[in-house]
Amino acid sequence: MSADGPAICVYCASGPVDEEYLRLAADTGAAIAAAGATVVSGGGNISMMGSLVRAARGAGGRTIGIIPEHLMAKEVADLDSDELIVTETMRERKRLMDEMADGFITLPGGIGTFEELFETWTGAYLGVHDKPIVMINHDGFYDPLLGWLDDLRARGFVSESALERLIVVDTVAAAIDGLTRR
Ligand code: AMP
């Protein structure tokens, strides 16, 4: 934890612009700020990533963005971020996001979001770190994935203890609560 309070890394989409998802991201950013925490993000100012950080700052919070140099144009680097770290590679981006965070929230997203979630999650169940990992299953967005994982648990591919490491909630308020519960 830094002098600025806990840091919460948020993984979310860089594509869709549907109002419902932008609002969810904004609510998440504002709630993290209201909880006195810093938002750590991928450093883009588009789609849900952008709504997240703008709302966090709008609510008086602090944001740290970490973006690879080659994505600065494509993901519209968040130049208003309190701290913007430019990395050479995606791996470096992800490593810094993970290291700086005291906990993680995953919102709806695409394969980039999944990749980030799964790496953090496997790290948790393999004992690499002990940080809380929360998924906001907004409106059942992740139901197909969670259903498949439950089937894999029944067939022995995924352990119960691994599934227990992921805190699945429906709302932003429950996510903030989940980060502090463990
Ligand atoms: P997506 O969920 O596909 O919209 O991607 C969300 C964010 O994840 C975007 O900022 C992507 O650049 C980022 N991302 C995708 N793959 C990786 C990766 N391997 N390491 C770090 N960030 C990634």
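Whatever order the structure lists ligands and atoms in, that order sets their numbers, starting from 1.
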Subject >> Any side-chain heavy-atom pair of M135 and F141 under 4.5 Å >> reply: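 No, their side chains stay 4.5 Å or more apart.
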**OP:** Determine whether D82 and I64 make a side-chain contact, defined as any pair of heavy atoms from C-beta on separated by less than 4.5 Å.
**Re:**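 Contact flag for D82/I64 side chains = no.
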Original post:
For N137 and D143, what are the C-alpha separation, side-chain angles and deciding distance, and is it a side chain to side chain contact (heavy atoms under 4.5 Å, CB included)?
Top reply: CA-CA 7 Å; N137 186 24; D143 281 354; 2.8 Å; yes
For [atom], what is the closest protein heavy atom, and at what distance to 0.1 Å?
atom	value
atom 22 (N) of ligand 1	E116 OE2, 3.0 Å
atom 11 (C) of ligand 1	E75 OE2, 3.2 Å
atom 2 (O) of ligand 1	T113 OG1, 2.6 Å
atom 13 (C) of ligand 1	R93 NH1, 3.2 Å
atom 3 (O) of ligand 1	G112 N, 2.9 Å
atom 19 (N) of ligand 1	E115 OE1, 3.2 Å

**OP:** Kindly determine whether V86 and M72 satisfy side chain to side chain contact (heavy atoms under 4.5 Å, CB included), including the steps that lead there.
**Re:** CA-CA 8 Å; V86 180; M72 285 187 74; 3.8 Å; yes
Check whether any heavy atom of [X] sits under 4.0 Å from an atom of ligand 1.
X	result
R91	no
G43	no
A13	yes

Subject >> No-hydrogen, no-angle side-chain donor-acceptor test under 3.5 Å, Y142 and T106 >> reply: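 Per modelled atom types, Y142 and T106 side chains form no pair under 3.5 Å.
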Subject >> Option nearest atom 14 (N) of ligand 1 (shortest heavy-atom distance, choices H70, M90, E92) >> reply: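 Heavy atom nearest to atom 14 (N) of ligand 1 belongs to M90.
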Original post:
Among C12, G42, G109, which residue places a heavy atom closest to atom 7 (C) of ligand 1?
Top reply: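 Closest candidate by heavy-atom distance is C12.
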Original post:
Any salt bridge between D98 and R93, counting N to O under 4.0 Å?
Top reply: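 Salt bridge absent between D98 and R93.
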Original post:
Would you call R57 and D78 a salt bridge, using N to O less than 4.0 angstrom?
Top reply: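 The answer is yes: the pair qualifies as a salt bridge.
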**OP:** May I ask you to check whether over 12 heavy atoms, not counting those of R23, lie within 6.0 Å of atom CZ?
**Re:**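 No, not enclosed.
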Subject >> Under 4.0 Å to a heavy atom of L71 - the qualifying atoms of ligand 1, by number >> reply: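 Listed by number with element, the hits are 12 (O).
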Original post:
Near M49, which atoms of ligand 1 are under 4.0 Å from a heavy atom of that residue?
Top reply: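 Atoms satisfying the 4.0 Å criterion: 10 (O).
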**OP:** Please assess E119 against K94 for the test salt bridge (charged side-chain N to carboxylate O under 4.0 Å, His left out), listing each intermediate value before the final yes or no.
**Re:** CA-CA 9 Å; E119 180 165 340; K94 211 167 34 171; 2.7 Å; yes
Original post:
Is there any N or O on G110 that sits under 3.5 Å from an N or O of ligand 1?
Top reply: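 Indeed, backbone or side chain, G110 has an N or O that close.
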